[in-house]
Amino acid sequence: MAARLVIGLFHSSGIAEDAVHRLITEGVAPQNIAHRVLKEVGPIPPVLQPELAALEVDPLVIGNARESFARYIRNGETAVFVRILDDEQVEFATDVLKLYLPITIEIVPLAERPETPVHR
């Protein structure tokens, strides 16, 4: 089965963090979860620029999340990304995210990574 990404968009980072903690408590591996603030409340301090640049290459983020969810972004919205492998996990993750009243939930397929040849 192809891996998928369940994406929940929340009104604030605090609500999104609560959803992330609940997913982890319920058994989802932390390395399969990411969350990102899509629009900061104020300007980004210069000391955070390197950290934000590093987040742009995160494998859990598909394309540019700011553009994908542009119609929802107001101020401080946060997306939660959950990497999922089967239908049962998709239903479980969406049920947990719904507990926190997301603005929207989307499920997108993840492109399979090409296997690296093994040299012997």
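All heavy atoms count here, side chains included; hydrogens, waters and symmetry mates do not. Not measured: the values here are computed from a predicted model.
- The cluster map of Ile, Leu, Val, Met, Phe, Trp and Tyr, joined by side-chain heavy atoms under 4.5 Å apart, puts Phe92 and Leu101 in different clusters.
- Distance check: Phe81 CZ to Leu5 CG gives 7.0 Å after rounding to the nearest 0.5 Å.
- Annotation: the span from Leu99 atom CG to Thr94 atom OG1 amounts to 10.0 Å, rounded to 0.5 Å.
- Ser13 and Val37 make their closest contact through CB-CG2, 3.9 Å (heavy atoms, listed as atom of the first residue, atom of the second, distance).
- Note that CG of Asp18 and CG of Leu23 are 11.0 Å apart. Values are rounded to the nearest 0.5 Å.
- Nearest heavy-atom pair, Arg83 versus Gln31, reported as atom, atom and distance to 0.1 Å: NH2-O, 3.7 Å.
- Heavy-atom contacts from other residues, nucleotides or ligands closer than 6.0 Å to CD of Glu91 number 12 or fewer.
- Residues Thr78 and Ala16 approach most closely at CG2-CB, 3.5 Å, considering heavy atoms.
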Legend entry - Verdict with reasoning, His35 to Phe10, per side-chain contact (heavy atoms from CB on, under 4.5 Å): CA-CA 10 Å; His35 67 285; Phe10 295 89; over 6 Å; no
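- For Arg4 against Asp86, the heavy-atom pair with the smallest separation is NH2-C, 3.3 Å.
- Across every non-hydrogen atom of Ala19 and Leu97, the tightest pair is CB-CD2, 4.0 Å.
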